[in-house]
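Worksheet: one structure, shown below.
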Amino acid sequence: MVLDDRKPSYWSRRVSRRRLLGGSAVGLTGLAAAVLVGCGDDEDGESNGGGTPAATTAATSTPGASTSAATPAASERGGSLRVGLATQPSTFDSHFSSPGTDERYLRLVYDPLVFIQRDGSADFDRSVLESFELQDETTLVFRVRDGIQFTNGEVIDAEMVKWNLERQLDPENVAISTQLFSAIDTIEAVDDGTVQLNLSRPYAPILSALGWKGGMVLPRGVVEELGQDDYGRQPIGSGPYKLTSWRDESDLQFERNEDYWLKDAEGRPASYLDDISVRIIPDQTVIVAALQAGEIDYIEEPFRVFQELVDDPNVTTVGNPGAAMVTVYWNHGIAPLNNKLFRRAVSHAWNRDVFNELFYGGLNPPMAGPVPTGSWAYEPQDNFPSYDPEMAKQLLEQSGVPEGERKFNVAGAARVWGGPDAVTLFVDDMAKVGIEVNYLVDRPAGGGPARDGGDGMWASPSGVSLRPDPDVNYSTLYRANAIYNTGYAAVPSLDSALLDAAAATYDQDERKEIYQEVNTILADEIYSVLPGLDRHRWTYVRNDANVQGIQYLWYAPLLRDLWMGA
Amino acid sequence: MHRFLIRRVLSLIPVLFFVSALSFFGLELVPVDDPIELVLGPGAEVGQLTDEQYEALLKQAGLDGPITERYVRYLGRLAQGDLGRSRITRQPVTEMFKDRLPVTLWLNSITFVTNVALGVGLGVIAGLYHGTKIDLIATLVAVIGVATPGFWVGILSIIVFTLWLGWLPSSGWVDPLDDFGNGIKHLILPVFALGVFGSASILRQTRSGLIEVLRQDYVTTARSKGLRESVIIRRHMLKVALLPVMTLLGFQIAALLSGSVLIERIFGLPGIGRMALDATQNRDFQVVQAVVMMSALAIVVANLIADMLYAWLDPRIRYS
């Protein structure tokens, strides 16, 4: 399907028509990828072949710091990358894209208003907005970079930015970032190149919100012409690649945007590959076989470790630590989970090391804090209850929960955990200290709240992904009305004013101090979720493809910055 | 015959009505914590919705109002050929069918033809040589084929033919109308995996049907008239022996449709089966309902055709 044209109907076309699909282009152009090298960071992005997987680690730098960029040599530019992924995007209308797995696709086609790096800092060199000024705590003035065009020629100016944001604030629309943008009161296009956001309250995560799906800029003309649903299949962006073909549940083809606005030091467009073809291969055995057979060069698997690929000398494994955590969501508002000592006992009873060894090959270490380790707000907490079954038994006695009532239900298929067997292991751990866990594998996980009469009473094996701003992780988990606080249970020891204060200050150091206070409380109380393992995201690449520039933003790898070494 | 046809076609209406009710109310029984999950999907990253947004989303998705009212609305849309819109892709379901039907048709028709050719061919050989080593081998192959699940054959064949031997692609779809050779190459393993059970079943049925007629008097009579063996087999034996196979072929359509659900997923083929599986996993109920309806229609029509073939093969059968 050529997206710029009307989609040809299979049923009306001539049988003799032949079309070559997925052909690779030639030529060498592009610019370097930015790797995560910030002030004082420990990010190396190093990868190795076979045996021991390499890991990227989260950078820690001050807000506003820019990245330095690794640049492919001229001879390394170009080439066709063949990617295998389990899922296709739900839509290319980024404002309404829900699944986290969409992000890797969206960033091929779009640029965010603000490019937020893994450490939470903004890189305005890579952003549609080239500068930002905080006039006062509720007035943010942005300068729109001059000369950025969509591939159809529409220009990104202040009016375009305003329309994009207002589209998501429209009460008729339920956009992915509606909640994140809720602090925006009004948006003004001061002149062609200046946008002013007037907030109803000080809100530091606004920059991160502008760097996420809601901050991606869509062309108004095309969106209005096609409508939301059709546009989602035929996107036009200003990003490094153009979607040229999308066969549903089969493959997507992207070609380099020759006019990409972002340039490297030598003035070449910062889109390095000639084209990227993505094959949708949902079956895990098949995707591994396809990589090993050389049909594809690059695969990702968010949920499990492919040990056969880790051990394959022809394949390089790159991990993204801190991208997510394996957890148990639970309703801490119902007995016996409303008892803090009981919750701590559960945490002490869970042998996370064995879980890690058996289901993740020892590559996802135990958590000791309430948010993913990749977050700049994360610090391991001394008071977090790690594996200690004897302590668990003592706490159970101290909790006052009678023996017959030391039980709770767990529901859900537990894909994130590696399947129901992992939950059975959890159940066994609990049984060893006298806690009865009733595992209801066929019941939906039910991580959501009890709304409209739903019971909201279940604990469920699940995961928490790292978000662009820690406020999103904290606010969706640990507030009384948080979406992932099952049952909207009260959080009495955690003053929500603390979370409000952290979101209201624009000083990252100050925010981090507040979050440390919050972390200590959460490690003691274990509200909403029981942290389990630090879940890495894994990427596997064939050595002969020599894929370079692998890096992640939060949970999503950046396909847009890849290149193929000489 | 015409009256029979009209009667059968008219009988489709209550059948489809029943199927529509079954699929609609059956899916209503699927437990969800919150109906909004059916709109946004489980674990959607939407944050907290206002009550107004929540209600608007439910209304937009047609999930507002009592169940009977929703069913009547659903039937009304169905009568107009409107199968709704997918929650996941936001595409009209009819468009999705149009895109995916060719894939399933290619896969299932090639499998069907291969099944019939292999099953009948090997069944005839096994039947004619029954009691010999040839028969023993054919029977053994048939038993293994019937007992082996297609998805397992699929995975195993990928490991052998892609990973070890490097002869065939592991997965993916290339339209044979675009590139015939490559397209067929991509279909060999899926057809093999999907067809193992079917061809084995046909083989068994053909073999036993043939053995049965071998001993019939009219066959002995034909031989005594001095007819050539090939003529006897073709004109006198096969026509009768294949009657039960015809019934089997009707079931084969259903088996292929259900079998392709897993096979299309394993081999990354963007067909109807894959769409059904994805929709089920994602609770995309508009698509699931549409697939159930269309599958029911396909199976009923296939059985109708099988009945008509019966009449062609056996003049004793009259539909009146």
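Keep in mind that the numbers below use all heavy atoms, side chains included, and drop hydrogens, waters and symmetry copies.
- In terms of heavy-atom pairs under 4.5 Å with chain B, the best-connected choice from A:Glu249, A:Gln228, A:Glu295 is A:Glu249.
- Note on B:Pro169, B:Gly166, B:Ser86, B:Gly172: by heavy-atom pairs under 4.5 Å with chain A, the leading option is B:Pro169.
- Taking 4.5 Å as the limit, some side-chain heavy atom of B:Arg274 sits within range of a side-chain heavy atom of A:Ile280.
- Looking at B:Ile155, only its side chain comes within 4.5 Å of chain A, counting heavy atoms on both sides.
- Contacts with chain B were tallied for A:Asp229, A:Ile287, A:Asp93, A:Val288; A:Asp229 has the most, counting heavy-atom pairs under 4.5 Å.
- By the 4.5 Å heavy-atom criterion applied to side chains, B:Ser170 and A:Arg279 are counted as neighbours.
- Considering only heavy-atom pairs separated by less than 4.5 Å from chain B, the leading option among A:Gly294, A:Pro282, A:Ala293, A:Ser250 is A:Pro282.
- For A:Ile281, the part lying near chain B is the side chain, with the backbone staying farther off; criterion is any non-hydrogen pair under 4.5 Å.
- Although no hydrogens or angles enter the test, the distance criterion places a donor-acceptor pair under 3.5 Å between the side chain of A:Arg247 and the main chain of B:Trp173.
- Proximity to chain A is limited to the side chain of B:Asp278, based on heavy atoms less than 4.5 angstrom apart.
- When each of B:Ile266, B:Ile159, B:Ile158 is scored by its heavy-atom pairs under 4.5 Å with chain A, the top score falls to B:Ile266.
- Most heavy-atom pairs under 4.5 Å with chain B: of the set A:Thr285, A:Asp248, A:Thr87, this distinction falls to A:Asp248.
- Residue contact with chain A, scored on non-hydrogen atoms closer than 4.5 Å, is absent for B:Pro92.
- Heavy-atom contacts from other residues, nucleotides or ligands closer than 6.0 Å to CZ of B:Phe24 number more than 12.
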